[in-house]
Number of protein chains: 2
Amino acid sequence: MMTKKIRSNCPVSYALELIGDKWSLLILRDIILRDKRFYHEFAASAEGIATNILSNRLAMLESNGFINKQRDTEDRKRYIYSPTEKGLDLLPVIISMMQWSDKYNNETDIRPPLMEKVRKDPKGYEKSIRAKFSA
Amino acid sequence: MMTKKIRSNCPVSYALELIGDKWSLLILRDIILRDKRFYHEFAASAEGIATNILSNRLAMLESNGFINKQRDTEDRKRYIYSPTEKGLDLLPVIISMMQWSDKYNNETDIRPPLMEKVRKDPKGYEKSIRAKFSA
DNA sequence: CATTTCACTTGCTTTTTACAAGCAAAAAAA
DNA sequence: TTTTTTTGCTTGTAAAAAGCAAGTGAAATG
């Protein structure tokens with residue numbers, strides 16, 4: 001079996017090898033912060049991911065334990081994607097990126113009232129997001 | 001002038017468009033955490049970046065204000081690369097990646113005694129790194 | 001002034017991404 | 001029961017990015 005060779009044992013490098021691309025964290029953002037659950041919802045995000053890339057990343061995220069995939073029992077022709085603890089544990093990475101962009105990109109969207117809460121109380125924000133998934 | 005079209009105004013997407021690749025944050029890690037300053041030092045890192053990619057990323061990091069580049073006055077045939085505040089402000093992203101990898105990759109290197117301090121006191125670690133550059 | 005060091009650059013191949021179109025399983029409609 | 005629609009992909013092809021080896025040019029060094 002052909003396993004991909006690892007670059008180094010540096011923790012930064014390790015994380016980048018898994019989610020160091022322009023799409024994986026965006027899909028996790030949709031699942032974790034925007035409560036998206038279905039393939040078509042990810043495909044509809046503003047960034048416009050190509051469906052082959054979406055399919056590829058969902059498979060990668062699932063095989064690496066970031067998300068779960070299961071048939072929707074209410075509508076059996078679709079699947080429900082949900083975050084695992086491993087995926088949710090990337091929330092600090094996502095939030096620190098948000099904080100950085102909030103400081104350096106003045107075009108950053110304020111519409112999702114997320115940002116306001118992130119500014120005032122990032123730890124509280126993280127907890128409130130996590131709480132959604134501990135039910 | 002040809003400016004690259006932005007995907008969306010989402011702060012996560014914005015950060016990923018700039019540093020969402022497998023190398024940019026690794027170079028910043030070298031500069032910020034490992035006190036590397038020269039081209040040949042980055043090229044020598046364990047991950048083995050190709051020199052054309054290194055050159056490309058250093059130019060990108062400089063043009064986007066993450067790092068500064070200046071001639072070394074002691075050895076004028078080389079350049080010194082140093083982080084800007086904008087680059088240093090990615091430290092929380094880097095540290096949260098380290099924490100995540102520490103939890104999910106048991107091969108993560110412990111050699112740089114960094115990890116121990118990150119585990120015990122991540123905020124203090126961040127401050128101590130920042131202190132190096134405020135001189 | 002020839003040699004070495006440092007920081008790239010170039011050429012070529014391989015891999016990844018992007019875009020458009022097509023396809024199959026499941027459910028709904030006729 | 002056959003047709004149509006929805007959902008979640010897969011395929012084909014082109015463009016872009018990454019990887020690899022070799023080469024180049026400016027600045028110091030002998």
Side-chain angles (χ1 to χ4, degrees), chain A residues 2-8 13 16-28 30-31 35-64 66-82, chain B residues 2-8 13 16-28 30-31 35-64 66-82:
Chain A
M2 187 60 197
T3 306
K4 208 192 172 195
K5 184 177 153 251
I6 217 164
R7 295 190 294 189
S8 76
S13 181
L16 289 172
E17 285 190 82
L18 288 168
I19 48 107
D21 72 279
K22 300 200 187 308
W23 296 110
S24 300
L25 278 182
L26 230 49
I27 294 170
L28 286 169
D30 281 353
I31 296 184
D35 302 315
K36 297 191 178 185
R37 293 291 171 271
F38 306 109
Y39 185 95
H40 72 270
E41 293 179 310
F42 308 132
S45 284
E47 293 82 10
I49 189 171
T51 61
N52 56 344
I53 305 293
L54 173 57
S55 178
N56 174 285
R57 290 305 130 84
L58 286 171
M60 182 285 280
L61 290 170
E62 191 199 6
S63 70
N64 285 298
F66 292 96
I67 60 174
N68 289 317
K69 175 184 183 175
Q70 54 189 323
R71 280 264 182 206
D72 183 351
T73 50
E74 290 176 10
D75 182 349
R76 284 187 42 75
K77 65 184 173 300
R78 60 188 191 179
Y79 294 90
I80 298 178
Y81 296 92
S82 57
Chain B
M2 188 60 199
T3 306
K4 206 191 170 194
K5 183 177 154 251
I6 216 164
R7 295 191 294 188
S8 75
S13 181
L16 289 172
E17 284 190 81
L18 288 168
I19 47 109
D21 72 279
K22 300 200 186 307
W23 296 110
S24 301
L25 277 182
L26 231 48
I27 294 170
L28 286 168
D30 281 354
I31 296 184
D35 302 314
K36 296 192 178 185
R37 293 289 171 273
F38 306 109
Y39 185 95
H40 71 269
E41 293 180 310
F42 308 132
S45 284
E47 292 83 10
I49 188 170
T51 61
N52 56 344
I53 306 293
L54 173 57
S55 179
N56 174 284
R57 291 304 131 83
L58 285 172
M60 182 285 281
L61 290 170
E62 191 200 6
S63 71
N64 285 298
F66 292 96
I67 60 174
N68 289 317
K69 175 183 182 175
Q70 54 190 320
R71 279 262 182 210
D72 184 352
T73 49
E74 290 174 12
D75 181 349
R76 284 187 43 74
K77 64 183 174 303
R78 60 188 191 175
Y79 295 90
I80 298 178
Y81 296 92
S82 57

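Order of the sequence lines sets the chain letters (A, B, ...), proteins ahead of strands, with each chain counted from 1. Keep in mind that this is a model prediction, so the values were computed, not measured.
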Colleague: Who passes side-chain hydrogen bond (donor to acceptor under 3.5 Å, both in side chains) against B/R76, sequence neighbours left out?
Modeller: none

Colleague: From NZ of A/K69 over to P of D/dT7, roughly how many Å is that when rounded to an integer?
Modeller: 16 Å

Colleague: Is it the case that atom CD in B/E74 sees more than 12 heavy atoms from other parts of the structure closer than 6.0 Å?
Modeller: no

Colleague: Under the rule for salt bridge (Lys or Arg N to Asp or Glu O under 4.0 Å), what residues qualify as partners of B/D75, not counting sequence neighbours?
Modeller: B/K77, B/R78

Colleague: Quick one: which residue pairs count as a side chain to side chain donor-acceptor pair (under 3.5 Å) with a foot in residues 36-45 of chain A, not counting sequence neighbours?
Modeller: A/D30-A/S45, A/K36-A/S45

Colleague: Is there a side-chain contact between B/I27 and B/I49 (heavy atoms, below 4.5 Å)?
Modeller: yes

Colleague: Would you please name every residue forming a salt bridge (Lys or Arg N to Asp or Glu O under 4.0 Å) with A/K69, sequence neighbours left out?
Modeller: none

Colleague: Between residues 40-47 of chain B and DNA chain C, which residues have a heavy-atom gap below 4.0 Å?
Modeller: B/H40

Colleague: Can you measure B/L16 atom CG to C/dT17 atom C1' for me and round it to whole angstrom units?
Modeller: 16 Å

Colleague: Sequence neighbours excluded, which residues qualify as side-chain hydrogen bond (donor to acceptor under 3.5 Å, both in side chains) partners of A/N56?
Modeller: none

Colleague: Filter on salt bridge (charged side-chain N to carboxylate O under 4.0 Å, His left out), then keep only pairs touching residues 47-58 of chain A, sequence neighbours left out; what's left?
Modeller: A/D21-A/R57, A/R29-A/E47

Colleague: Grab the CG-C1' distance between A/L54 and C/dA18 for me, whole Å please.
Modeller: 14 Å

Colleague: Listed by chain and number, what are the side-chain hydrogen bond (donor to acceptor under 3.5 Å, both in side chains) partners of A/D35, not counting sequence neighbours?
Modeller: A/K132

Colleague: In whole Å, I'd like the distance from the CD atom of B/E62 to the P atom of C/dA7.
Modeller: 14 Å

Colleague: Within this structure, what is the CD-to-C1' distance between B/E17 and C/dA18, rounded to whole angstrom?
Modeller: 15 Å

Colleague: Write down the distance between OH (B/Y39) and C1' (C/dC8), rounded to a whole number of angstrom.
Modeller: 5 Å

Colleague: Using whole Å, what does the distance between atom P of nucleotide C/dA18 and atom CG of A/L26 come to?
Modeller: 12 Å

Colleague: What does the B/S/- profile of nucleotides 18-30 of chain D look like, 5' to 3', with a 4.0 Å heavy-atom cutoff to protein?
Modeller: SBB-B----BS--

Colleague: Rounded off to whole Å, could you give me the CE-to-C1' distance for the A/M60 and C/dT16 pair?
Modeller: 14 Å

Colleague: Hey, is the side chain of B/S55 poking within less than 4.0 Å of OP1 or OP2 on C/dA7, counting only N and O atoms?
Modeller: no

